[in-house]
Every structure is written in C-alpha cells, then in structure tokens.
Undergrad: 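Let me give you the structure first, and then I'll get to my questions.
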2 protein chains.
Amino acid sequence: MAVANAAVKIPMEAPVSEKRVRNRAATEQAILDAAKRLLAEEGFQNFGINAVARGAGCDKQLIYRYYGGLDGLVEAIGTDLGSWVKDRIPDDTGGMFLLTYGDLMERLALLFLDALRADPLMRRIVAWEVSENSEQVRRLSEARSKALAGWIERMRGSLTPPKGIDAQVVNAIIFAAIQHVVLSATVSDQCAGLALKTARDWEKAATALKRIVRGVYG
Amino acid sequence: MAVANAAVKIPMEAPVSEKRVRNRAATEQAILDAAKRLLAEEGFQNFGINAVARGAGCDKQLIYRYYGGLDGLVEAIGTDLGSWVKDRIPDDTGGMFLLTYGDLMERLALLFLDALRADPLMRRIVAWEVSENSEQVRRLSEARSKALAGWIERMRGSLTPPKGIDAQVVNAIIFAAIQHVVLSATVSDQCAGLALKTARDWEKAATALKRIVRGVYG
DNA sequence: CTTGCTACTCACCGCTCGGTGACAGATTGG
DNA sequence: CCAATCTGTCACCGAGCGGTGAGTAGCAAG
C-alpha cells in the first residue's frame, strides 16, 4: 500500500457533505449553535445530549469533553445570552422624547413585546422557566433576567416612577403579562380566548397594553 | 393438596398492601386520580403511561383498555376539570356589592390569583399550555378556558365594561399576567426579579394588581 | 364441576435516552 | 524517526419509555 499516502493526499473530498475539519474552536461553536437552534426550534422537551450532537453533526462525546455535559452547555448558552439580547432589543428610544415614566414604560413594554415575539430562543427559555426548576434552568433564567434588568436600567436613564406606586411590583406584573401573552400566542395563536394571529390582533393587544400602562402611570 | 381450598378461603389477606379488589369502576377512578395527582405533583415532564400505572398501582394495560391510552386519559381529566373548577373558585361575590365593572374585575382578578395559587393541577396545565402544542394539551386547555369563561360569565351578571375600552383584550392580558406571576413564583419564588415568597410579598403583588385593574377600569 | 366472561398481570418488543471506554487519524515536539 | 497529544468516531451499556399479545385469577350462570 505504498500509494496510500498519495491517495490520502488527493482523496475524493466531501463525497456528500464537506469533510469535517479538525478544529476544536469551530466544533465548539457548532455545538453551541446547534444547541441554541434546537432549543429555539424544538423547545426544551426533546432537548438532550443526543439531539444536540445530532444537530451539530458530531459525536456526543465531544459535548462531554468540551462542555462537561449538558449542564455546561446550557451554562454556555446562558453566558451567550447577554450579547444575544443586545443584538435583538434596541437600546435607544427610537428618536422619541421620553418625558415621563409612563412614556418610558409604555415604550419598554412595546419593545419587549416585539422583541420576545421575534426571538424564539428567548420564548423557549421563558417557557422553560415556568415549567421546571432545575439547575440548568436556574442558570439560564438568571442570565436572562440579568440581561433584561440591565437593558431596562440603561433605558430608564434618570426617569423615576411616580410617588406612591410600587413600580417594581407593577412592572414585574406587566412584564409577566407580556411574557405570558407571547408564549400563549406562540403555542396556540390565542390567549385566554383572545385570538392573537393577525397583525390586527396584535395591534389590539398592543393598544390594550398601552392602556394598562397608562392607566397605572398616567 | 386437599387443604388448598381452605387455605384460599381464609388467606393471609393483604400481606403488605390491601388486596386489589376486582372492580372496574374503582380501578378507573384510581387511574384517573393517580393521573391528576401525578400531573399536579410532578408536572407534565415525567407524565406517561408507565408513571400513571405505577401511581395507580395497576398494570398500564388497563389504561389502554379503559381510556384508550394516555390521550383518552388526559381527555378524561379535561372532562373532570369543569367540576374541579367549581369546587375551587367561589361563585358568589363574598358579600360584596359589585357596583361597577372595575369592582367586578378587581374581585375576579384577586379570586383567580388565589385559586391558581391554591391549585397545583391547574398550574401544571397552564404551564403545559405554554410549553407544548399537542392534541392532549389542546383538549385540556380548551376544557380549562371553557370552565374559566363560564365562571367569569356567571360572576359578571349584568355589569358591562366602560365604553371605549376593549375589555376582552384588556382582561386577557390581566389574566395572562396573573397566570405568569403565579407560575413563575411556583417554580422559583420570584418573578422578573420580584420576590414572591412570603405573605407580605403576595400582598404587595395583589395591591399592584388592584392598582393596574383600577387604572384601566377606574 | 364446567364453561364463559371479565378484571387484571406478565413478559416481551423495539426504541431512545444519557453515559463511558476503547480506538483511529491528524498534528506537533523531541 | 518515534512518541505524545489532540480531535473525532464508534460500539456498547443499563435503564426507561410506549405499546402489545398471551396468559392468569376471580366470579356467575348453566
């Protein structure tokens, strides 16, 4: 087999899919991407070592080696989440002048609504958060809420809530409402009997949301 | 072995657990109860034929025979749900005079909040609803929302929402908020960074909720 | 007692899961 | 050149899953 070397040097490369390159960094990234994609598209139900490995096109052993298992991988997703959020939720006021706390909260609520609607991964994580209480989920949840809190703080600027209102609690409830509405709509195109399918439906929801925010903050 | 018959007639009954009686109705009920209990306590994650059969102390084959499988069993739970709700959410106004639509919605919101906090099965179903879109879940969800809508309609009486407000949409958002807050608190004792552990925490949440409702409906 | 019917159990199937140990090919350093 | 190391693959394990076909125990009528 003296010709073996030559044959290896010019093999019929990539008979069907391009040959896997030996590159740890790229493989790690491929695994991370596959995990995020899987979580976003399939949800946490069928999320596991085997599925991720299949999605990344590599052996699951590498997930154990590079991330120490599913937990480590999920943690890596969490770490990734901060930048993820930054890319997806605008950080300016869209040219608006936010004169009052009510202006601010209305804008934040609508921005958050749109951002969540547009981001499947975030939606899955939120759904996961209210369905399971594992270490995995806790880490993800923490990363998410931290990113969210940071965003709100940045947007808030120097505006302060009106006296006599426990804004932290009110805001938590409003954001909870947004999350549940979006989750419910994603799964079943409706929420509590309210259709949430067409753009028109969502406009009505946004209007009602504005009304609620304005009702509290004026 | 002539004594065999005598031995059978007076056997050491129930050596450890009482002997299973041959009673189809009772077994069906045991299966249904086990399913509800399992769903309430463990959630939908590990909910399956084997787990239910184990919980009911019978063979899974009986679940196929009596309910036609998990789907039929879940449907039976859904059917059960109407009466379940009636037992758990009060149907009167608690001696209050509800003069305005705002009065009504405030009371409904608080009642719903408490009822959901007190009912693990309902919470699991709600969590399931926002996590998966299967036929099973759709059936359960439908039964739940029907029961809920019926309750609201009964409580509403002749009160009508103020003009110029799309009450259906606003109410859907408010109920969504309640559901998400309760789910989140159940899993992690907090929601969007807001602690929801002590009675004091919940009082604050209830106050904020009232403020939101009153903000919209006056 | 025999014969059916019903309630119920058991053993087994194929499959996927998470997890591990052994191994092959490429790369690098001596 | 060999040897060590790194990257990636493969075969296999035990366990649990949903699902099924065959068989057993109790009861009632003849």
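The sequence lines fix the lettering, A, B, ..., with proteins before strands; numbering per chain opens at 1. Values below: all heavy atoms of this structure, side chains included; hydrogens, waters and symmetry mates excluded.
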Undergrad: Map B/F47 and A/D59 onto DNA chain D by nearest heavy atom, then report which one ends up closer to the 5' terminus.
TA: A/D59

Undergrad: Side chain of B/R24, heavy atoms from C-beta onward: which of C/dT20, C/dA7, D/dC10 has the nearest atom to it?
TA: C/dA7

Undergrad: Of the listed nucleotides (C/dG19, D/dG26, D/dG19), which one gets closest to any side-chain atom of A/I49?
TA: C/dG19

Undergrad: Please give, in whole Å, the distance from C/dC15 P to A/N46 CG?
TA: 18 Å

Undergrad: Considering heavy-atom distances to DNA chain D, does B/L70 or B/R65 have its closest nucleotide positioned more toward the 5' end?
TA: B/L70

Undergrad: 5'-most contact on DNA chain C: B/Q61 or A/R54, nearest heavy atom basis?
TA: B/Q61

Undergrad: Just by distance, do the side chain of A/D59 and the backbone of A/L62 share a donor-acceptor pair under 3.5 Å?
TA: no

Undergrad: D/dG19, C/dG19, D/dT9: which one has an atom nearest the side-chain heavy atoms of A/K60?
TA: C/dG19

Undergrad: Over how many whole Å does the gap from A/E42 atom CD to C/dC17 atom P extend?
TA: 12 Å

Undergrad: Can you identify which nucleotide, out of D/dT20, D/dT9, C/dT20, has its nearest atom closest to the A/Y64 side chain?
TA: C/dT20

Undergrad: Using the side-chain heavy atoms of A/N50, tell me which of these nucleotides is nearest: C/dG18, D/dG8, D/dT9.
TA: C/dG18

Undergrad: Hey, does the side chain of A/Y66 come within less than 4.0 Å of D/dG8's phosphate (OP1/OP2), counting only N and O?
TA: yes

Undergrad: Please check: side-chain N/O of B/S188 versus main-chain N/O of B/A185, any donor-acceptor pairing under 3.5 Å?
TA: no

Undergrad: Rounding to an integer number of Å, can you tell me how far A/Q45 CD sits from C/dC17 P?
TA: 14 Å

Undergrad: Expressed in angstrom and rounded to an integer, what is the separation of A/I31 atom CD1 from D/dG8 atom C1'?
TA: 10 Å

Undergrad: In whole angstrom, give the distance that lies between atom CD1 of B/I63 and atom P of C/dC8.
TA: 12 Å

